[in-house]
Trainee: 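Submitted below is the structure of interest, expressed as structure tokens.
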Amino acid sequence: MTAPRNVPQKPALEGLEAKWDEIWEADGTYRFDRTATRDQVYSIDTPPPTVSGSLHVGHIFSYTHTDTLARFHRMRGKQVYYPMGWDDNGLPTERRVQNYFGVRCDPSLPYDPDFQPPDEPGKDQLPISRRNFVELCVQLTATDEQAFEELWRRLGLSIDWSLTYATIDERSRRASQRAFLRNLARGEAYQSEAPSLWDVTFRTAVAQAELEDRERPGAYHRLAFHLSDGADLPIDTTRPELLAACVAVVAHPDDQRYQPLFGQTITTPLFKAAVPMVAHTLADPEKGTGAAMICTFGDTTDVTWWRELNLPVRAIVDRGGRIVADAPEGIDPAPYAEIAGRTIHGAQQRTVELLKESGELIGEPRAITHPVKFFEKGQRPLEIVTSRQWYIRNGGRDPALRDALIERGRKLDWVPEHMRVRYENWVGGLNGDWLISRQRFFGVPFPIWYPLDADGQPDYDHPVAADEASLPVDPSSETPSGYTEDQRDQPGGFTADPDVMDTWATSSLSPQIACYWEDDPDLFERTFPMDLRPQAHEIIRTWLFATVTRAHFEHGGLPWSTAAISGWVLDPDRKKMSKSKGNVVTPMDTLETFGADALRYWASSGRPGTDTAFEEGQMKVGRRLAVKILNASRFVLGQEPAADAQPTETLDRALLSRLADLIDDATAAFDKGDYARALEGTETSFWSFTDDYLELVKNRAYGGRGGPAGESARYTLETALTAYLKLFAPFLPYVTEEVWSWWQQGSVHRSGWPVGAELRAAAGDVNPEAAAVAADALREIRRIKSDAKVRLATTVTTATVTDTAERLAILEQVADDVADAGRCRELLTAVGPELSVTAELETETAA
RNA sequence: GGGCGCGUAGCUCAGAUGGCAAGAGCGCUUCCCUUACAAGGAAGAGGCCGGGGGUUCGAGUCCCUCCGCGCCCACCA
């Protein structure tokens, strides 16, 4: 039955990664068997890493967690559907291409088929056509993806590499456009011209989920507004440059100071605009003077006031963050000419100067620090600009939908459980629908055209959608049905929607993309909804929520049953590791230094959802464990049990019994997603196996006493080793596979997960305490030798073990093994209150 | 301002439904080349379990409160 044994003399970890990566690939060890039915499948919605981002140990950390679960379920007999995606779509790639090649996209330029990027990026970015730009994006991401794949393979992720996708590839674009068209047809997607948050650097709209607050220095400026009776109304503002955009003054309806003013007309300083005094509960009597100017638009509260109070628009900031050239209606154009064309900053300086000159600045500006909204990837504060954008409903303005989506979150299994709260917080706090259009270039285009009227104006109310069968389409180069290409951008013809979808609009469909939604209905049937979504906690509000929303609309259910949220890797100062902080360790270097198994050991010791310190000490421990497995295995496999060997000795059966408990514990932990607990238990047990059990049976196993007792030891050693290798396999795939190959056929990763009941049956009726009693006695004998500062091999002429009668009865059954391991010629016992050992050591003869 | 999480040996962390006379590894001390392993092995020292109250026969584990740290969210006048 067993293969010939091939145990190396001097086993080592070096070279195992390259060797087994190649064999696993050649043997298709992790290949998905698509004949499996849904109940036999465990499918994983792997996070597609942003390939333009840098690789860091945080990736190793969380992807290892997922891989341990994948390997566990595979060993339990599931067909694991474990694809890998690349998120190459979107702004990070654009930015990287700009910097890497020194180019920028100018959509007005024609395509140059012979274009070659400069060898070195020049001082000024070279303008190139959109198509040339996108080609560079594709070229660069291909390189990035290779680096990621190399890392993942080296790390030993058991991914089926035949199942990769990229968020910009044809299948993703098709799924993304198809899902959008269906959202549109069902009324879940819509277009609206409305004020929205706008990044003036990237010149694109951004979504609520992509905002972050940053503390910024600012200053309160107290401005003198004028009442009709000539009195002044002081108002504080941090944005005096928006004075020209002021459309009203607001105060809280209950604010006694302003009761008489509500409904009156106020004159703004400098620009002399007549604006109404209005009341709204969002006005905070505690802030500033209690009265605030409403501008179109200084912040999101302005938008709320503007909408709810039906105020006019007086927009002055353009899409590049400058003051527009022409003064809005109703204000004095003379001072406006002084700020027109300036940047926000310049306009603020000039406005303040003018206010000082006119005497309408009261006192000096008072410096403060306040939170300002930024695009998370941006460098300049967001402005609010009115533009036409696509939205997908997400409950932000529909309580029934919001409740339905919160309910979906409650049906999801969260690991750890408390992460659910973040989801509910976010969904509960939404204040608008999901803005998915971006005024960018490298992304999935909207599959939409607009008819042009006789004047060449687009009819946005009657968009022409692409046919599903034609997807994916690029509306800027393909023609809608019913038109000819020469009608493009001609009066009476058509024009393409110029925007692309935000990257989350595509990655929110990762389960559908990964499972070949509509492209391969048979495969989809076998894999969707998926079992596991592993991801980081900071993107619960984006990726997780958006994915739930899309599946809610498209499938009326959850996209997966479990969400496993990983923590962060912290540097020793307890700060999140990130590139900007300059404390990132290159993962490939770390892999070279410690080895994949060691790194995986460190990663696996981080509890689900818990932030974990980057600690080289743990990696050294992992490496030592791997080496220990090699050496202990070499010892165990040095002798072969007879085919009919049975565990007859008490010590052996006690070991098997404890091993059965370990297997049950590890299995239960894994079932709950707690890989770390499974590892910890296995590791603790394994060290006691090598330190105690191995020493106790060494002599017996190698024929010291001969007969069935030796067979029992050899049988038990091999049975235990087999179980340990399987238990360790999800964590240390390389060393376990290597040892497995010394005497077994096939891959340990395709061998079954151990079953506690089988070992328990083999152990029979035994007191598992026997293993501990033997180990305790041996430890006491070692202590005596250690205290006497003699070699552990020193012979004991007579040892006397004192212990309770109960424990001595157990010791009786394992006494020969204890005597062997302790090198005791004679082992006596005496009843006493607790364990103690005395021993007479044989005098060392001089060498 | 609201919410979540964390605070256990010098360091990194375990301690599931309360029973612990408090654990692991690293580091530290002492000893040992024992025929699986000296990039090893054996033995050992080291904690008012953040502070204060409470519930209980019994609390690191439950409740209250305070302190410190981290994160998420919040309408930026």
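Keep in mind that what you see is a predicted model, and the values were worked out from it rather than measured. Quick note on labels: first sequence line is chain A, next is B, and so on, each numbered from 1.
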Trainee: Could you work out the separation of B:A16 and B:U34 based on their C1' atoms and round it to a whole Å?
Mentor: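 So the two C1' atoms sit 40 Å from each other.
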Trainee: Looking at residues at least two apart in the chain, or sitting in another chain, which of them share a salt bridge (charged side-chain N to carboxylate O under 4.0 Å, His left out) with A:Arg222?
Mentor: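 A:Arg222: salt bridge (charged side-chain N to carboxylate O under 4.0 Å, His left out) contacts with A:Asp236.
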Trainee: Using a 4.0 Å heavy-atom cut-off across all strands, classify A:Arg216 as base, sugar-phosphate, or nothing.
Mentor: nothing
Trainee: Sequence neighbours excluded, which residues qualify as side-chain contact (heavy atoms from CB on, under 4.5 Å) partners of A:Ala596?
Mentor: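 With sequence neighbours excluded, A:Ala596 shows a side-chain contact (heavy atoms from CB on, under 4.5 Å) to A:Glu17, A:Leu591, A:Tyr734, given in chain and number order.
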Trainee: Mind checking the C1' distance from B:A22 to B:C49? Whole angstroms is fine.
Mentor: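 Going atom to atom, C1' in each nucleotide, I get 8 Å.
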Trainee: Please list, for nucleotides 15-18 of chain B, all pairs of protein and nucleotide N/O atoms separated by less than 3.5 Å.
Mentor:
none

Trainee: Say we look at B:U61 and B:C71: how far apart would their P atoms be, to the nearest angstrom?
Mentor: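 Straight-line distance between the two P atoms is 26 Å.
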Trainee: Is the A:Phe635-A:Tyr702 ring centre distance short of 6.0 angstrom?
Mentor: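 Yes, the ring centres sit under 6.0 Å apart.
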Trainee: Could I get the full list of ring pair (Phe, Tyr, Trp, His ring centres under 6.0 Å) partners for A:Phe271, not counting sequence neighbours?
Mentor: none
Trainee: Anything below 3.5 Å on both distances counts as a pair; with that, list the stems of at least three consecutive Watson-Crick or G-U pairs involving RNA chain B.
Mentor: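 When the pairs of RNA chain B are grouped into runs of at least three, the stems are B:1-7 with B:67-73, B:10-13 with B:23-26, B:28-32 with B:40-44, B:50-54 with B:62-66.
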Trainee: Would you say the base of B:C76 and the side-chain of A:Lys373 have a donor-acceptor pair closer than 3.5 Å?
Mentor: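 For A:Lys373, whose side chain was compared with the base of B:C76, there is no donor-acceptor pair (under 3.5 Å).
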Trainee: Surrounding NE2 of A:His418 (heavy atoms of other residues, nucleotides or ligands, distance under 6.0 Å), is the total greater than 12?
Mentor: yes
Trainee: If you look at every strand shown and take non-hydrogen atoms under 4.0 Å, does A:Arg239 touch a base, only sugar-phosphate, or nothing?
Mentor: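 Nothing, no heavy atom under 4.0 Å.
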Trainee: Between the protein and nucleotides 25-35 of chain B, list the N/O to N/O atom pairs that are separated by less than 3.5 angstrom.
Mentor:
{"from": "B:C26", "atom 1": "OP1", "to": "A:Arg624", "atom 2": "NH1", "distance (Å)": "3.3"}
{"from": "B:C26", "atom 1": "OP1", "to": "A:Arg624", "atom 2": "NH2", "distance (Å)": "3.4"}

